[in-house]
Amino acid sequence: MKIAITGATGQFGSLVVEALLKSVPVEDLVVSVRNPDKASDLKAGGVEVRQGDFDKPETLDVAFAGVDRLLIVSADGDNETRIRQHKAAVAAAAKAGVGFIAYTSVGHAEKSELFLAEVHRVTEEAIRATGIPYSFLRNNWYMENEVGSIQGVVAGAPWVTSAGSGKVGWAARGDYAEAAANVLTGKGHENTVYELSGKPLTQEELTGIISDVIGKEIKVMQVDDEAYAKIMAEVGVPEAAIPIVVAIQRGIREGWLDIESSDLEKLLNGPATPLADVIRNPVNSLQA
């Protein structure tokens, strides 16, 4: 059985590959990457590396050939670009006769008003339309997304947010990746939707955990979106990214990441990694 992963050199895809290599014979694994040179370490380890560029559909025909089970890792970029790229990947998977598609989506994709939900909603619809058995892995939020803020509070800065009392189901990126690997190798996942989330927490609850790890109190500054945008610009967030980070805060405030679900632990066959352990990694690297 051939299992293929797109975006295998990215932060998420590389962790999925790492998890798969613990249980799958290396000859059964295929990675589809835009630049094969970046996967030289995987190739050296015996993994079959194929060029697969979502902007060059002809490369996907070759990348997905003979693949039984495929993980499409959502691409980066603006919504229009991502939708075009994802549709190309889904069409290529159908053309290649792929038997099962897993896709990294977002929580409550069918109804969410989070700014990036449209991409996932359209992609899920495209996958369903192929008739290929699927599993939608609706990842909530990576704890690692907060590394910059964690580094800031370690240095003495306040935790700035405009998310109000909104909650987020933070979990370790590695846990989401392991869940994906388990779906790709397991049985009974055809035509499933998994809402993958840690226990939803407010900003104050999260900073309480961070405070325990770093050993000092953290000041939480709740501001409005305008003030948040201004502060983010002052700390060096690129101008083009400001609307995105503000939209994330708004989405949290509106409750789109407040998802109670046991699906992540179900797919992990056990408890998720404690957030304190995830937080400890960047903190230790700063204090080393």
Side-chain angles (χ1 to χ4, degrees), residues 10-13 15-16 19 71 73-74 102-121 123-124 135-150 153 159-183 189 192-213 218 220 222 228 244-282:
Q11 290 181 314
F12 183 81
L15 291 176
V16 177
L71 173 64
V73 178
S74 56
Y103 169 68
T104 57
S105 189
V106 73
H108 291 166
E110 77 286 355
K111 63 180 180 180
S112 177
E113 294 180 14
L114 193 68
F115 77 101
L116 46 71
E118 180 189 8
V119 171
H120 301 294
R121 187 160 46 247
T123 306
E124 287 188 4
S135 183
F136 298 146
L137 309 174
R138 292 178 170 176
N139 295 344
N140 192 290
W141 213 246
Y142 302 145
M143 187 64 237
E144 290 83 352
N145 289 346
E146 311 299 344
V147 166
S149 295
I150 293 170
V153 297
W159 186 277
V160 182
T161 178
S162 64
S165 60
K167 294 185 176 183
V168 180
W170 286 286
R173 182 184 279 117
D175 282 357
Y176 290 118
E178 185 176 341
N182 289 345
V183 165
H189 299 294
T192 54
V193 177
Y194 294 114
E195 295 289 349
L196 303 178
S197 175
K199 177 185 176 182
L201 302 172
T202 64
Q203 303 289 312
E204 285 78 8
E205 289 169 331
L206 176 65
T207 53
I209 298 173
I210 299 170
S211 177
D212 288 342
V213 173
I218 297 170
V220 178
Q222 289 279 2
Y228 184 80
I244 295 173
V245 296
V246 171
I248 292 168
Q249 295 289 305
R250 184 184 309 117
I252 296 171
R253 189 172 65 243
E254 293 174 352
W256 296 114
L257 295 177
D258 184 359
I259 298 172
E260 290 274 2
S261 173
S262 60
D263 285 352
L264 181 58
E265 294 192 339
K266 173 184 174 182
L267 292 183
L268 291 174
N269 300 310
T273 303
L275 292 185
D277 291 350
V278 188
I279 293 162
R280 204 165 277 117
N281 289 330

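Computation of the quantities below employed the complete heavy-atom set of this structure, encompassing side-chain atoms and omitting hydrogens, waters and symmetry-equivalent molecules. Just so you know, these numbers come straight off a predicted model, no measurement behind them.
With sequence neighbours left out, the salt bridge (Lys or Arg N to Asp or Glu O under 4.0 Å) criterion links Glu113 to no other residue. Taking Glu195 as the reference, Arg138 meet the salt bridge (Lys or Arg N to Asp or Glu O under 4.0 Å) condition, with sequence neighbours excluded. Every residue two or more places apart in sequence or in another chain was checked for a side chain to side chain donor-acceptor pair (under 3.5 Å) with Ser112, and none qualifies. Partners of Tyr176 according to the side chain to side chain donor-acceptor pair (under 3.5 Å) rule, which considers only residues two or more places apart in sequence or in another chain, do not exist here. Judged as a side chain to side chain contact (heavy atoms under 4.5 Å, CB included), and not counting sequence neighbours, the contacts of Ile248 are Phe115, Trp141, Ile244, Ile252. Legend: residues meeting side chain to side chain donor-acceptor pair (under 3.5 Å) with Ser211, ordered by chain and number and at least two apart, are absent. Residues passing the ring-ring contact (aromatic ring centres under 6.0 Å, His included) test with His189, sequence neighbours excluded: Tyr194. Applying the salt bridge (Lys or Arg N to Asp or Glu O under 4.0 Å) criterion to Arg250, with sequence neighbours excluded, gives Asp225. Considering only residues two or more places apart in sequence or on other chains, Phe136 meets the ring-ring contact (aromatic ring centres under 6.0 Å, His included) condition with Tyr134. Applying the side chain to side chain contact (heavy atoms under 4.5 Å, CB included) test to Gln11 and every residue at least two apart in sequence or in another chain returns Arg173. Residues passing the side chain to side chain donor-acceptor pair (under 3.5 Å) test with Ser149, sequence neighbours excluded: none. By the side chain to side chain contact (heavy atoms under 4.5 Å, CB included) test, Ala180 pairs with Phe12, Val16, Leu71, Leu137, sequence neighbours left out.
The structure places CD1 of Ile209 at 12.5 Å from CD of Glu204, a figure rounded to the nearest 0.5 Å. Within the model, atoms CG of Asn140 and CG of Asp263 stand 11.5 Å from one another, a figure rounded to the nearest 0.5 Å. To the nearest 0.5 Å, atoms CD (Glu146) and CG (Leu275) are separated by 10.5 Å. Distance check, rounded to the nearest 0.5 Å: CD1 of Ile218 to CD of Gln203 gives 11.5 Å. Distance CG/Leu196 to CG/Asn139: 5.5 Å, rounded to 0.5 Å. Within the model, atoms CG of Leu257 and NE2 of His108 stand 10.5 Å from one another, a figure rounded to the nearest 0.5 Å.
Contact check for Trp159 versus Ile210: side-chain heavy atoms found under the 4.5 Å cut-off. Residues Lys199 and Val168 fail the side-chain proximity criterion, which asks for heavy atoms closer than 4.5 Å.
Checking Thr273 against Asp175 by side-chain atom types alone, a donor-acceptor pair falls below 3.5 Å. Side chain to side chain, Ser197 and Glu260 fail the donor-acceptor criterion of an N or O pair below 3.5 Å. Under the 3.5 Å distance criterion, with hydrogens and angles disregarded, no donor-acceptor pair is assigned to the side chains of Ser162 and Gln222.
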Notebook entry, point to check: When you look at Val119 and Glu124, which way does the side-chain contact (heavy atoms from CB on, under 4.5 Å) test go after all the steps?
Noted result: CA-CA 9 Å; Val119 171; Glu124 287 188 4; over 6 Å; no
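Contact record, Ser135 with Thr192: OG-OG1, 2.9 Å, taken as the closest heavy-atom pair. Among all heavy-atom pairs drawn from Leu264 and Ala179, the shortest one is CD1-CB, 4.0 Å. Nearest heavy atom pair, residue Leu201 against residue Trp170, reads O-CZ3, 3.4 Å. The two residues Ala172 and Val278 come nearest to each other via the heavy atoms CB-CG2, 3.6 Å. Taking every heavy atom of both residues into account, Gly107 and Ile259 meet most closely at CA-CD1, 3.6 Å. For the pair Asn182 and Leu268, the tightest heavy-atom approach, listed with the atom from each and the gap, is ND2-CA, 4.1 Å.
Remark: side-chain polar atoms of Glu265 are not paired, donor with acceptor, to backbone N or O of Gly270 under 3.5 angstrom. Side chain of Gln249 to main chain of Val246: no donor-acceptor pair is present (N/O by atom type, distance under 3.5 Å, no hydrogens or angles).
For the pair Asp277 and Arg280, the salt-bridge criterion is met [side-chain N within less than 4.0 Å of a carboxylate O].
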